[in-house]
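The structure under discussion appears below in the form of structure tokens.
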Amino acid sequence: MRIIVCVLGLVLLWPAQALAGSGRDYARQRAELIQEIEEEVRLTSESIGRDQFDPRVLQAMAAVERHRFVPRKHRDQAYENRPLPIGFGQTISQPYIVALMTDLLDPVPGDTVLEVGTGSGYQAAVLARLVKKVVTIEIIPDLARQARDRFQRLGLEKIKAVTGDGYFGYPEAAPYEAIVVTAAGDHIPPPLIEQLKPGGRMILPVGGPFSVQQLTLVSKAGDGTVRTEHLLPVRFVPLTGGH
Ligand code: SAH
């Protein structure tokens, strides 16, 4: 009798187990994550100056498979709304923050966007669904190589992955309609302001590793004047390099 109960138990458990970690289950988790992000937008609407994100941004978030950008051992947490370790002391950003930074850039299909801090490549993959070209720079050669391999595997041909110090931007492909920096420095790198197109927008965390960082929106007007706005406190890994 006990054997029959065990066998029956296994048979009943099987579909749930087969589903866990399957594409279908990840798709469901992704849809739930989008709902959480929408909820958080409403809660933070006063600081971020919007109470919903562009539907294109949410569609991009719903399409990019975050579990492909996190180390295997963290895959079951890939759709939790929080940062996760990706090795080398670095992290993949929290999904809400990725969506927020993407939305604040107001990306349109013709844009060329620069990202400083490739990390896992997730933010670049989200942007690649929304714009013409993404150039992303990573200072840790191993992470840059892993991201480049991942982009190739996933057929993300719009992304150009560069190894180097992103503090200095990437003048070869400048100017950029938008720039996103995913590591925090204590000031806005002047070379990045330089490489931003008039009318362009840059979003970055500003603040030291032990002080409160502010998510900062930089807008460059048509005449080249620059305006900065602090939006909300955030926590990012430090912007390293020789500057
Ligand atoms: N956008 C990433 C988040 C990565 S965390 C993602 O979606 O996963 C920030 C990354 O910035 C780290 O990988 C870190 O190595 C990198 N970084 C730090 N300083 C940098 C610099 N000066 N130039 C380029 N990358 C830098």
Minimum-distance pair of heavy atoms, taken over all atoms of Arg82 and Gln77: NH2-NE2, 2.6 Å
Single-linkage hydrophobic cluster Tyr167~Leu143, side-chain heavy atoms < 4.5 angstrom: no
Residue pair Gln29 / Asp25, side-chain donor-acceptor N/O under 3.5 Å: yes
Flag, side chain of Thr225 to backbone of Asp223, donor-acceptor distance under 3.5 Å: no
Exercise: identify the closest heavy-atom pair between Gly117 and Thr182: O-OG1, 2.8 Å
His74 atom NE2, over 12 foreign heavy atoms within 6.0 Å: yes
CZ/Arg235: more than 12 non-hydrogen atoms of other groups inside 6.0 Å: no
Over 12 non-hydrogen atoms of neighbours within 6.0 angstrom of CD in Glu46: no
Separation between CG of Leu114 and CD1 of Ile137, rounded to the nearest 0.5 Å: 5.0 Å
Verdict with reasoning, Leu84 to Arg66, per side chain to side chain contact (heavy atoms under 4.5 Å, CB included): CA-CA 11 Å; Leu84 291 169; Arg66 191 170 187 253; 3.9 Å; yes
Pairwise side-chain contact, Pro83 with Gln94, heavy-atom cut-off 4.5 Å (strictly under): yes
Glu194 CD: over 12 foreign heavy atoms closer than 6.0 Å: no
Nearest atoms (heavy-atom pairs only) where Val131 meets Val108: CG1-O, 3.6 Å
Side-chain H-bond candidate by donor/acceptor type, Thr118 with Arg148, under 3.5 Å: no
Nearest-0.5 Å distance, CZ of residue Arg30 to CG of residue Leu33: 9.5 Å
Approximate separation, where rounding is to 0.5 Å, of Leu217 CG and Met202 CE: 9.5 Å
Heavy-atom side-chain contact between Pro189 and Val181 under 4.5 Å: no
Atom CD of Glu32: over 12 foreign heavy atoms under 6.0 Å: yes
N/O donor-acceptor pair under 3.5 Å between Arg201 side chain and Ser219 backbone: no
Separation between CG of Leu127 and CG of Leu156, rounded to the nearest 0.5 Å: 11.5 Å
Test item: Asp54 side-chain N/O and Asp103 main-chain N/O as donor-acceptor pair under 3.5 Å: no
Check: Thr136 and Glu138 side chains under 4.5 Å, non-hydrogen atoms: no
Hydrophobic cluster identity match, Ile48 and Ile34, side-chain contacts under 4.5 Å: yes
Parallel, tilted or perpendicular: rings of Phe53 and Tyr96 (30°, 60°): parallel
Hydrophobic cluster membership, Val57 vs Leu232, 4.5 Å side-chain cutoff: yes
Val134 backbone acceptor or donor facing Lys158 side chain under 3.5 Å: no
Whether Tyr26 and Tyr79 hold their rings parallel, tilted or perpendicular, with breakpoints at 30° and 60°: tilted
Hydrophobic cluster membership, Leu192 vs Leu104, 4.5 Å side-chain cutoff: no
Heavy-atom pair of closest approach, residues Pro205 and Gln213: CB-OE1, 4.2 Å
With sequence neighbours excluded, residues passing salt bridge (charged side-chain N to carboxylate O under 4.0 Å, His left out) with Arg150: none
Atom pair CG (Leu100) and CD1 (Ile203), whose distance is rounded to the nearest 0.5 Å: 6.5 Å
Shared hydrophobic cluster, Leu239 / Leu196 (ILVMFWY, side-chain heavy atoms < 4.5 Å): yes
Gln52, CD atom: more than 12 neighbouring heavy atoms under 6.0 Å: no
Over all atoms of both residues, closest heavy-atom pair of Gly89 and Val237: O-CG1, 4.1 Å
Expected output: side-chain Thr44 to main-chain Glu40 donor-acceptor under 3.5 Å: yes
Closest contact, heavy atoms only, Tyr176 versus Ala173: OH-CB, 3.3 Å
Approximate separation, where rounding is to 0.5 Å, of Leu58 CG and Arg56 CZ: 11.5 Å
Test side chain to side chain contact (heavy atoms under 4.5 Å, CB included) applied to Glu177 and Thr112, step by step: CA-CA 6 Å; Glu177 278 86 11; Thr112 297; 3.9 Å; yes
